[in-house]
Chemist: 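Below you will find the structure I want to go over with you.
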Amino acid sequence: MESILLNVLIFLPLGAAGVIAALPERHARQAGSLALVIGLITLAASLGLAARLPAALAADGPDAQVGQVQRDWITVGGVALRYHVGLDAVSLPLVVLTGVLVPLSVACSFTAIRARIREYYAWLMALAAAMFGVYAARDVLLFYIFFEFTLVPLYFLIGIWGGSERRYAANKFFLFTFVGSVLTFAGLLYLALRAAEIDGRSVIDFDLVRLSTLRLGPGGLTAAEQSVLFLALFAGFAIKVPLFPLHTWLPLAHTEAPTAGSVLLAGVLLKLGTYGFLRLSLPIVPEGAVAWAGPMAVLAVAGIIYGALCCWVQRDVKKLVAYSSVSHLGFCMLGMFSLLPIGLSGSVLYMVNHGISTGALFLLVGMLYERYHTRDLDQIGGLARRMPVFAFFFVLFVLSSIGLPGLNGFVSEFTVLLAAFNSPRLGPWYGALGATGILLGAIYMLYATGKVLFGPVKEPVGTPDLSGGLTPDLTRREIAILTPLAVLAVVLGVYPRLITDPLDPALKSQILARLEQAAAARPVVAAQMGPAPRPEAIFGEKDRPRVAAPRPKPQVVPVAQRGGPLR
Amino acid sequence: MLIAYLLVGAALFTLGLIGFVTRRNLIIIFLCTEMMFQGIILNLVALGRYPLASAAAGPLDGQVFALFLIAVAAAEAALGLTLVVLLYRYGRSLDAGTLTTLRDP
Amino acid sequence: MENLLIALLVLGALGLFLALPGGRAHLARFAPVPLAGAGGVLAAVVLRAALSEPQRAWFAGLALVALAAAVRVVTHRRPVYSALYFVLLILAVTGLLVLLEAKFLAAALVIVYAGAILVTYVFVIMLAQQATAASYDVRAREPFWGCLAGFLLLAIVGMQLLSGGAATAAGPAAVGTVAEVGTRLLTHYAVAVQVGGLLLLAAMVGAIAIARRKPAADGDGGESAA
Amino acid sequence: MTPPIALTALLPEIILAVGACAVLLLGLTPGGRRLAPWVTLAVLIGSAAVVLTQRSLTAGGSGLLYGSLAYFIRIAALELGVLITLVNWSQAAAHERGEFLSLLLLSLTGLLLVGAANDLVMLFLALELTSIPTYILIVMGRTGARGAESGTKYFYLGALAAAIIAYGFSFLYGVAGTASLTAAVSAVSAALQQPGTLAYGLAMTGVVLTIGGLLFKLAAAPLHFYIADVYQGAPSPVAGLLGFVPKLAGLAALFRIVLLTGHWSAGVGPVFGLLWIVAVASMTVGNVLALRQVSIKRLLAYSGVAHAGYMLVGVLAGPLALSAESGASGLLGNGVASVLYYVVVYGIANLGAFAVLGMLRTRTGGEVETLRDVAGLLRREPAAALLLALAMFTLMGLPPTPGFWGKLGLFGSALAAARVTPIAEHGPWLIALVIIAVLNSALAAAYYLRVIAAVLLYENDRPAESAGGEAPQVGALLCGFLLVIFAFVPSGLLGSGLSATAELSDATLAATPVHAADRTPTRAAPAESARPRVFPRADGEALAVPVGRPALE
Amino acid sequence: MMDPTVARIERLLRNPLVLVTAAAALTAPVVLLAWLLWPWYGGFVQGLLADAFWFPLLFMLFVLVMILNATALCILAERKIAGFTQDRRGPNRVGFWGLLQPLADGLKFLFKEDIIPANVDRALFLLAPCLALVPALIGFAIIPWAGEVRWPWMPADAPAVSTQAASLDVGFLYLLAVGSLGVYGVVLAGYASNNKYSFYGGIRATAQMISYELPMGLALLCLLMTAGSLRPEEIVAQQADSGLWYVFLHPLAFLLLLTSSFAETNRAPFDLAEAEQELVGGFHTEYSSMKFAMFFLAEYAHMITGSALMVALFFGGWHFWGLPGAADTSWVAMLLRLAVFVGKVVLFIGLFMMIRWTIPRFRFDQLMRIAWLGMLPAGVVLLAGTAVLTAFGLERNVWACLALNVAVLAGMLVYVGRSRRPVTGRQPDLPAVSVGAV
């Protein structure tokens with residue numbers, strides 16, 4: 001049952017993409033509806049999977065997976081590549097987020113997209129399939145394949161339906177991410193080879209669990225190898241995140257992309273980078289991660305501040321939201337590389353929250369653009385009077401994005417900064433500098449809100465353009481799009497444990513324990529990680545990491561238990 | 001003695017190569033490849049006549065190879081001269097330097 | 001020995017560079033000097049050895065003729081002469097082959113090369129060559145770099161050959177009688193003979209097909225398949 | 001003297017050769033000309049059928065050796081031959097169709113023989129038989145001076161390369177004292193280990209010259225400069241052929257030569273340094289030059305140079321990467337298998353792209369060549385546009401296209417070779433090579449994207465349109481179909497590539513010094529590692545697919 | 001009109017008695033001197049003649065001299081035969097029956113002004129006649145004139161000496177190789193003369209010679225397959241042993257070789273290269289005096305070589321039924337054999353001449369068509385058939401060979417009979433000729 005749901009999640013959109021592309025001309029208008037239906041089905045499937053998680057956790061412990069599917073795909077002399085997917089507590093929130101955002105992005109395109117409709121929805125569906133695939137993949141190569149495959153649909157979404165500089169933006173987006181990910185590819189290859197060598201197997205595979213439980217210390221990967229491998233993974237993921245000096249593709253891509261593209265890009269695709277760091281870099285090369293945590297945090301902080309400053313000077317509201325993503329994902333990375341439990345869980349939470357609030361902001365900007373055909377802050381103003389409903393949502397999500405307590409952004413921002421302050425690996429200066437990002441965020445967000453919503457009404461000539469069934473304020477369809485996100489923003493602001501409760505043990509057993517292992521295996525790493533953080537930095541005594549405690553689980557999981565022998 | 005033959009062969013080959021690179025007349029250029037073949041033939045036969053290995057299994061292989069080289073050279077000559085004539089009909093010139101319709105932008 | 005080789009090569013390179021057609025008519029007059037120098041050195045070396053054995057004298061003479069003819073092939077400004085010097089080269093090589101006991105090959109070389117290939121060359125040159133020397137025949141392309149690269153290659157190969165010291169024939173020497181070559185050719189290389197036949201067939205078909213083309217039907221860019 | 005080879009072993013080649021003659025004769029009459037492409041197709045399929053019945057054939061003699069490698073090359077050449085025939089169905093002018101198709105068949109015959117050649121003479125002749133028809137095909141495929149110029153350039157440089165190869169062969173013959181390749185292995189590799197002797201000098205010169213000449217067939221730098229002109233001047237379907245036939249021939253020959261030098265078994269000889277430099281130069285030069293092209297044909301030509309560079313990575317890694325002792329080498333340890341897979345996939349993708357170009361005409365009836373010509377193709381010819389995009393993505397190596405699996409094998413085997421092989425002493429260089437290669441494949445994405453963008457993103461009032469001709473369309477679609485199949489079910493082809501190298505692996509293993517493990521220098525090993533260099537097989541997990549058994553079909 | 005003195009001398013020379021007397025008077029002192037001095041140098045000569053190395057060379061020299069003389073005689077013979085064919089007398093002024101005509105011709109050539117035109121390529125212009133003559137002459141080296149001989153003064157255990165200058169392993173390939181060089185003379189003469197007619201002659205000669213070498217080679221291959229050897233002396237010996245001349249086995253191959261020989265010698269009906277009416281002499285338009293004579297010599301030397309080759313390969317060489325065979329090494333037998341050989345050659349030369357004066361010249365396209373569409377396919381079929389026969393061991397079976405030849409001939413005739421190609425062979429793509437205009 002679960003595996004069917006997961007298959008639905010990945011293959012239904014893929015099949016739908018084909019069907020939509022092949023729709024006859026006269027049914028072109030049904031493409032959107034069909035896509036929406038598919039989107040809703042995937043949403044239901046992701047929710048269904050989420051609902052099965054508690055039971056699975058209860059049964060199998062924190063590493064439990066729902067919807068596991070495992071098939072041999074390519075089994076050629078000495079290489080075994082499996083189609084192995086499954087969702088655990090770490091990936092499930094992101095899958096649900098994707099499940100939510102996909103139908104919303106379909107729905108928001110109904111009026112915005114007028115040309116080449118079938119193609120558009122086909123690519124959108126393909127993108128959805130790829131995104132689900134990335135999060136579900138339990139095989140590193142499979143992960144990489146889905147990771148790369150997301151580029152193609154998005155490339156077309158930006159390149160065909162984007163703004164005036166869409167082709168340049170699409171190319172830049174594609175090339176940047178591709179350059180990074182080929183290096184990652186080389187790293188993964190080397191990793192798999194070394195893993196087989198270390199484990200003494202004659203068959204090379206890319207099993208995620210096997211790689212992330214690889215022997216550490218003597219006989220395992222050397223420190224230098226770990227460092228280099230971390231850099232190789234970094235190349236792909238950091239560009240995707242994007243970390244500070246590698247972010248230049250992002251504002252362009254965001255600005256030029258159609259609304260749905262921006263939403264999915266900000267909401268889901270950027271998380272592929274952070275998810276990659278979390279899923280691959282940290283557990284597979286923990287020593288490398290520890291060694292590079294400092295520079296990573298520096299980049300994260302630089303991104304936070306640089307992104308915020310860029311936002312401040314933007315006149316294009318969409319670009320502003322785009323730069324805010326740079327800033328926000330800096331927080332995400334900062335939390336992650338604090339290497340503390342709360343940092344990690346805050347980071348994951350941040351991913352979800354950023355997806356909700358920034359996705360919503362892009363939706364709102366898109367709705368604005370549809371009416372006014374401009375995103376220039378100087379050309380519009382005082383819209384609160386014209387569009388009260390719009391103003392409500394706008395303010396809500398801006399506040400969520402700033403991190404107003406009670407809304408979702410606050411929880412994650414707070415935990416992330418807390419972790420940064422307390423991280424023995426980083427030190428308080430990182431937290432302090434990161435905190436200025438919140439301040440700057442409040443400034444630029446509120447400044448933009450003020451310009452758009454308040455003050456004298458200012459509209460470009462000939463607008464609002466109400467063709468295509470729009471109304472001056474938001475239509476019911478648009479409200480229906482925004483409402484779920486608003487609800488989520490509030491719910492997660494009030495009750496973040498919805499996510500963190502299953503998440504924390506999973507992170508602990510999969511990632512933190514791995515870091516501990518690394519520290520235990522090599523004194524250098526332990527020294528780099530520093531002493532255990534102060535207890536008050538941790539929510540509750542029971543979560544205190546036991547640095548030297550032996551793990552109850554065996555280090556190397558026998559193949560037989562993980563899904564039987566090969567073939 | 002072997003080395004003397006090999007050196008003569010190498011000299012012929014190299015002279016052919018130099019001609020191939022420096023001359024501009026298509027026919028001469030092709031003649032130069034034929035000259036390279038002469039060097040090769042000399043090489044092959046000399047190495048078959050003065051074998052290095054004490055139990056050379058195919059002392060005659062060199063001559064057979066040389067025979068085939070002659071055949072190949074004949075085939076190439078037929079084709080090459082036809083192409084030259086064709087180009088000459090098109091361009092009224094045998095200048096390799098004028099073959100520039102196709103080139104990098 | 002190495003020093004001698006280098007001297008030879010330098011002289012040869014200089015001479016060839018001067019002799020190659022180019023805008024250096026006043027210098028080209030001096031080309032024979034280094035070339036003759038090289039030839040003289042070569043002749044002296046070989047002849048010294050030749051005194052001990054008549055075969056070496058034959059070798060020396062034929063090799064000198066071959067090399068001189070080769071130089072003329074490369075440097076002559078008139079294609080017909082190049083082709084004729086090539087015939088001379090072929091004859092010299094034939095002589096060398098006879099010295100090497102490859103008589104069948106020698107006969108084949110003359111029949112095929114001198115008798116067929118070179119005649120065709122001359123034929124084509126006559127067809128396509130104007131009476132006056134064409135501009136592209138009196139101007140070489142990058143003669144300096146060509147000579148330099150070529151003689152460097154020759155120097156490298158020569159060094160490789162000379163580095164091993166004197167070689168003595170260790171194995172059974174090949175004597176290319178018709179019967180022996182023919183036996184090898186038609187037993188072990190029987191398939192290769194067939195392949196050679198296919199090769200000639202391909203070249204023949206191609207040459208005929210190409211020769212049929214007429215520039216009058218020139219529709220550049222458009223293809224004949226419609 | 002070895003007994004002559006049985007004629008039945010040669011049956012596929014005989015069928016091709018006789019078929020070529022038959023097609024040539026058919027070209028004499030109008031009715032025959034209509035029939036000629038069908039006969040060509042039938043000949044290819046018939047030959048392939050015979051090959052399939054001979055899959056376990058092991059035969060030698062008469063300068064030929066039929067083993068696993070020859071089997072793979074036969075199958076690959078014949079299958080691609082069918083595609084090439086379809087794409088070139090009506091390429092030449094009607095009155096020349098018989099000649100055109102028979103030359104095509106002759107070239108494929110040569111390719112088959114290159115795969116089986118076990119003798120310097122045979123190898124040289126087979127290489128020539130492969131090449132010479134291609135020179136003619138270029139000229140015959142179209143009228144006008146461009147074809148003639150292109151063909152002439154290709155021909156001249158091909159003749160030069162043939163001379164260089166032959167010169168190299170002559171030295172190798174001298175070292176070995178025989179033209180037989182199997183007999184020459186020990187002599188040549190031994191000679192390369194004794195610097196200062198005449199044999200060493202001869203062997204060194206021979207190897208360098210031979211490989212240098214073969215680089216021309218591969219279109220690898222620095223012998224790449226002709227290739228763009230040739231592709232541009234050649235008609236598109238013929239250019240598609242040029243991306244496969246000479247490359248596979250060159251590679252097959254290169255395998256034999258590299259095996260001869262003992263590079264794979266002992267890491268000796270000039271092969272490593274030479275091919276390393278060439279690989280890096282090819283990738284970089286090819287990609288950089290491709291970046292600034294506006295003609296898709298030139299772009300694909302330079303991309304072919306880059307791909308030759310990638311293939312050389314696999315050649316360097318050799319067939320024995322992971323385990324020199326156990327004889328087991330999986331795909332990621334077997335660079336040669338990856339190269340074989342890659343060249344087939346590259347051939348199909350390249351052919352597919354050129355088939356699309358060949359199928360189309362601009363509105364003015366001209367040949368489709370520049371990016372501008374194909375702009376907005378999606379609207380007018382969606383299938384062609386998608387096929388072109390698919391081909392580009394494959395060439396780019398985007399997962400999960402077959403090009404990606406190829407790069408997986410190529411780069412993986414190089415990395416594996418850097419760890420545990422006879423050539424592990426070159427480890428750091430191999431790793432550097434892989435990094436350069438992946439960066440290059442990213443660089444390459446830039447120009448492939450330009451094509452994709454032109455086809456799918458741009459609009460054009462006067463897009464190119466199909467010029468008709470059903471067979472080329474079938475051929476193009478078949479290319480696309482195969483690409484999709486190999487994307488999702490690559491195991492078969494990968495496995496057959498793997499089993500194709502059993503022959504080379506065995507030969508390498510036989511030539512490897514007895515204690516291969518001892519040869520591996522300790523500096524390649526991590527300091528703290530106490531594990532043996534060779535993978536033990538004692539953990540109960542045998543190889544998933546034993547090497548040497550064809551996994552195809 | 002004629003100077004009376006000259007007329008008187010002419011009349012005198014036309015008297016055969018005077019001629020014979022003069023000749024005797026000229027040669028008698030020489031012979032006498034040689035006889036008188038014999039004791040002084042006789043041993044040396046005998047030694048030379050008995051030496052296995054020097055005798056063939058001397059014999060070769062002798063043959064060369066004889067051929068040069070024979071060429072002169074040939075010119076006379078040619079003119080006589082022309083006269084005979086055309087029902088006239090031919091040269092009959094100089095000497096009895098015109099016998100001194102060659103002498104007169106030679107004198108004429110020698111004393112004519114040697115002109116080198118202004119715009120010729122001097123080096124090639126001078127080189128060309130040499131290149132024409134030399135290959136024609138050195139071909140004789142491998143002709144086995146008369147088998148082996150053992151002089152009476154030779155010790156009994158000494159090996160017999162051969163009348164063949166060079167016994168080469170490559171055999172008649174040598175002849176082919178040397179013969180193939182002959183074309184350069186003609187081609188270069190045409191090119192160097194810087195004259196359109198000469199040039200066309202050169203071009204024609206090249207094309208013709210290349211074309212006709214192929215059927216020639218095929219014909220020789222047929223023979224090679226039967227004989228299993230390239231050595232002419234061995235081929236002759238085979239024929240002498242069996243008494244079966246190879247012409248009986250391979251008549252068609254012989255015809256091919258014969259035809260090719262005509263073409264290779266540039267003689268009518270294949271004298272397109274010098275066609276006087278079209279090309280005013282073709283390649284030798286610009287040549288005069290001795291250089292012209294050298295071309296002339298080359299042509300006749302070619303003819304003699306070709307005849308000798310055909311005699312050796314197809315007509316049993318020195319063999320004639322009833323005459324002593326190779327085993328008989330007495331000098332009488334040798335002279336007999338030589339006489340037989342020379343006689344056969346003379347017959348061939350006569351044939352050459354007859355044909356020259358009876359068959360009209362071909363047009364160039366016809367010439368090409370004969371080679372490529374007629375002789376080449378026939379040769380190929382013949383070769384294939386011979387190969388099949390050889391495979392079955394029937395290569396010396398006269399009936400099998402004749403059957404093959406008959407079959408090929410029949411096939412050719414049937415093909416020719418059914419062919420719709422117009423016999424005039426006009427190029428189909430030439431513009432139509434309006435009948436009325438002719």
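Note on naming: letters A, B, ... go to the chains in the order of the sequence lines (proteins, then strands), and numbering restarts at 1 for each one. Owing to the predicted nature of the structure, the values given are computational and were not obtained by experimental measurement.
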Chemist: Determine whether C:K103 and E:L173 make a side-chain contact, defined as any pair of heavy atoms from C-beta on separated by less than 4.5 Å.
Modeler: no
Chemist: Taking only residues two or more places apart in sequence, or in another chain, which ones meet E:S211 in a side chain to side chain contact (heavy atoms under 4.5 Å, CB included)?
Modeler: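 Partners of E:S211 by the side chain to side chain contact (heavy atoms under 4.5 Å, CB included) criterion, ordered by chain and then number, come out as E:M368, E:A371, E:W372.
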Chemist: Taking C-beta and beyond as the side chain, do C:L84 and E:L124 meet within less than 4.5 Å on heavy atoms?
Modeler: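 C:L84 reaches E:L124 side chain to side chain.
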Chemist: What part of C:L118 is in contact with chain E, defined as an atom under 4.5 angstrom from a non-hydrogen atom: side chain, backbone, both or neither?
Modeler: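 Backbone plus side chain of C:L118, per the 4.5 Å heavy-atom cut-off to chain E.
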Chemist: Counting only N and O atoms by type, is there a donor-acceptor contact under 3.5 Å from the side chain of E:Y184 to the main-chain atoms of C:A114?
Modeler: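 Pair found, side chain donor or acceptor close to backbone of C:A114.
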Chemist: Please look at C:V178 and chain E and tell me whether the side chain, the backbone, both or neither of the residue comes under 4.5 angstrom of a heavy atom of that chain.
Modeler: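 Answer is both: backbone and side chain atoms of C:V178 are under 4.5 Å from chain E.
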Chemist: Can you list the steps and then say if E:L181 with C:L91 is a side-chain contact (heavy atoms from CB on, under 4.5 Å)?
Modeler: CA-CA 10 Å; E:L181 290 176; C:L91 294 179; 4.1 Å; yes
Chemist: Which region of E:I203, side chain (C-beta onward) or backbone (N, CA, C, O), has a non-hydrogen atom less than 4.5 Å from a non-hydrogen atom of chain C, or is it both or neither?
Modeler: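 Both parts, backbone and side chain.
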Chemist: Can you pull out the residues in residues 212-233 of chain E with any heavy atom less than 4.5 Å from chain C?
Modeler: E:E213, E:L230
Chemist: Answer yes or no: are there more than 12 heavy-atom neighbours, outside C:R212 itself, under 6.0 Å from its atom CZ?
Modeler: yes
Chemist: If I measure from the heavy atoms of chain E, does C:V112 come under 4.5 Å with its side chain, its backbone, both, or neither?
Modeler: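 Neither part; nothing is under 4.5 Å.
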Chemist: Taking the side chain as every heavy atom from C-beta outward, state whether C:V122 and E:T206 have any atom pair closer than 4.5 Å.
Modeler: no
Chemist: Do any side-chain atoms of residues 59-66 of chain C form donor-acceptor pairs under 3.5 angstrom with protein atoms, and if so which ones, sequence neighbours left out?
Modeler:
none

Chemist: If you check every heavy atom in residues 191-204 of chain C against those of chain E, which residues fall under 4.5 Å?
Modeler: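 So far as heavy atoms go, nothing in residues 191-204 of chain C approaches chain E to under 4.5 Å.
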Chemist: So do E:V178 and C:V110 actually touch side chain to side chain, heavy atoms under 4.5 Å?
Modeler: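 Result no, sub-4.5 Å side-chain heavy-atom pair not found.
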Chemist: Could you check which of E:D121, E:L188, E:V187 has the highest count of heavy-atom pairs closer than 4.5 Å to chain C?
Modeler: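 Highest number of pairs under 4.5 Å: E:D121.
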Chemist: Heavy-atom cut-off 4.5 Å, strictly under: side chain, backbone, both or neither for E:V183 against chain C?
Modeler: side chain
Chemist: If you count heavy atoms of other groups shown closer than 6.0 angstrom to CZ of C:F123, is the number above 12?
Modeler: yes
Chemist: Any idea which heavy atoms bring C:A107 and E:A177 closest together, and the distance?
Modeler: O-CB, 4.2 Å
